[in-house]
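This report concerns only the one structure given below.
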Amino acid sequence: MAALKACSALVTGANRGLGLEMVKQLLEARCSNIFDACRDPDGPNSEEYLPYLRTAAKAKGKPGMSCDKAAVINISTDAASMSIMPVLKEPFPFFPYSISKVFKNPKTDGLQKIIKESAKKVGSLLGKNGLNLLVNNAAVLPQKTLLTATVEDMQSTFNTNVIGPLFVIREYLPYLRTAAKAKGKPGMSCDKAAVINISTDSASMSIMPVMKEPFPFFPYSISKAGLNMLTIYTARDLKADEILCISIHPGWVRTDMGGDKAPIDTRKSVEGLMRVIGSLTEKQNGAFLDYTGKTMPW
Ligand code: NDP
């Protein structure tokens, strides 16, 4: 399969788990502009992330700050304090708020506004080549069933797993369009412009009924099925722009979400994801794949 050649990428949920491994492998693939979106870059969930970013920035080997070294996008509840913070400067001036506080807020107007502000800021750094790759990776997995899920569980899960990705796609669309046009040749690929929605086998309406083990994550599976429909719509609506969109299942992976019993580690999952993403063409637009490239049943 083709190697990933995207030169600019934005990954949500980049401070741990699969998102962090994606950022690492994008850097290894010499992706030059990587925007890591996370809600609390110096919080307790980011123990591995912060030292990693500092090392990555130093490895660039030239003085100064720029987003082609390493940058964190921190999206606050307070739109005025939304910022992109290059990581070389000490002390690291993180804001204490988080995208999750926004996503938990049912007032989605506010959420859209803040994502819009972040997109403007990122757009001003991207320049004429736009954004090649947008990865909607951040998600939550509340342990709730048909009988125990509350209205708040359903709303907050949808906010993070569906509504957040929807507005991220919408607000970053101008930069994806710029990238698609800048490529100047027909067809679709991730080094042109692509939206990758990280989904799950548990969103599959064919797999769920025959799953042997109990899966008490009702709001998660339902929201990810919604994310899959977002993929279908996005693929259809952005086809004329030659921006491709897929849903992809990363496998069952050892992360905080996947737990210790998962059979594969983040390295293996993301190597697979990157291979698949790197090989995408218009033939896969609107597809639901897994990290090995296999087509998943909806
Ligand atoms: P983790 O739980 O390890 O990481 C989740 C990431 O999402 C963290 O960066 C977290 O940030 C971020 N996040 C959670 N809630 C919010 C929010 N409200 N706003 C912004 N960011 C948020 O998960 P994985 O790395 O395992 O999962 C990554 C993706 O892969 C998800 O989409 C998941 O559904 C999917 N997936 C994972 C599987 C697995 O086995 N691991 C299986 C199938 C799919 P913070 O640190 O601040 O909480």
Side-chain angles (χ1 to χ4, degrees), residues 10-25 36-50 52-53 72-77 94-106 108 111 114-115 118 135-143 152-153 155-165 167-168 196-204 207-208 211 213 215 217 219-228 230-231 247-270 272-273 288-292 296:
L10 184 137
V11 180
T12 66
N15 61 308
R16 63 187 165 105
L18 286 161
L20 175 56
E21 183 60 32
M22 266 181 244
V23 168
K24 289 181 183 177
Q25 292 193 28
D36 314 346
C38 58
R39 55 180 167 176
D40 195 8
D42 61 352
N45 284 338
S46 307
E47 272 172 11
E48 192 190 340
Y49 178 64
L50 195 49
Y52 171 75
L53 259 191
V72 179
I73 303 161
N74 191 0
I75 303 172
S76 149
T77 47
F94 292 120
F95 292 102
Y97 295 102
S98 75
I99 199 166
S100 99
K101 285 185 183 150
V102 180
F103 284 179
K104 278 180 189 154
N105 184 343
T108 46
L111 168 63
I114 285 154
I115 294 174
S118 83
V135 184
N136 275 314
N137 165 73
V140 281
L141 176 91
Q143 183 160 357
E152 157 66 14
D153 293 327
Q155 283 178 340
S156 63
T157 309
F158 264 78
N159 281 343
T160 303
N161 296 1
V162 189
I163 300 171
F167 284 112
V168 169
I196 309 297
N197 290 328
I198 306 295
S199 187
T200 164
D201 57 352
S202 73
S204 164
I207 292 175
M208 185 48 79
M211 229 185 218
E213 300 296 321
F215 194 78
F217 304 102
Y220 176 77
S221 295
I222 295 174
S223 67
K224 289 285 190 174
L227 179 76
N228 282 350
L230 175 64
T231 296
S247 277
I248 192 159
H249 167 56
W252 183 18
V253 194
R254 285 190 295 279
T255 61
D256 294 335
M257 184 184 287
D260 296 340
K261 292 194 184 122
I264 59 170
D265 61 15
T266 53
R267 183 93 207 155
K268 182 162 182 195
S269 167
V270 175
L273 292 174
F288 184 17
L289 305 173
D290 80 357
Y291 74 106
T292 67
M296 300 288 292

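Predicted, not measured: the structure shown is a model, and the values here were computed from it. Order of listing sets the numbers, starting from 1, for every ligand and every atom in it.
- In this structure, OH on Tyr291 lies 9.0 Å from CG on Leu273, to the nearest 0.5 angstrom.
- When non-hydrogen atoms are compared, ligand 1 lies under 4.0 Å from the side chain of Val140 (C-beta onward) but not from its backbone.
- Residue Gly164 places no heavy atom under 4.0 Å from ligand 1.
- Considering backbone and side-chain atoms alike, Lys224 places an N or O below 3.5 Å from some N or O of ligand 1.
- Close N/O approach between Ala14 and ligand 1 is not found [any backbone or side-chain N/O within under 3.5 Å].
- Nearest to atom 31 (C) of ligand 1 by heavy atom, out of Asn136, Asp256, Asn137, is Asn137.
- Using modelled atom types, one finds no donor on one side chain facing an acceptor on the other under 3.5 Å when comparing Thr12 with Asn137.
- The part of Thr160 lying near ligand 1 is the side chain, judged by heavy-atom distances below 4.0 Å.
- Atom 37 (C) of ligand 1 has its nearest heavy-atom neighbour, among Pro250, Pro263, Gly17, in Pro250.
- For a threshold of 3.5 Å applied to N or O pairs, the pair formed by Asn15 and ligand 1 contains at least one separation below that value.
- For Thr255, a nitrogen or oxygen atom sits less than 3.5 Å from a nitrogen or oxygen atom of ligand 1, counting backbone and side chain alike.
- Salt-bridge annotation for Asp256 and Arg16: present, with a side-chain N of the basic residue lying under 4.0 Å from a carboxylate O of the acidic one.
- In summary, Lys24 and Glu48 engage in a salt bridge, as defined by a charged side-chain N under 4.0 Å from a carboxylate O.
- Ligand 1 has a nitrogen or oxygen under 3.5 angstrom from a nitrogen or oxygen of Gly13.
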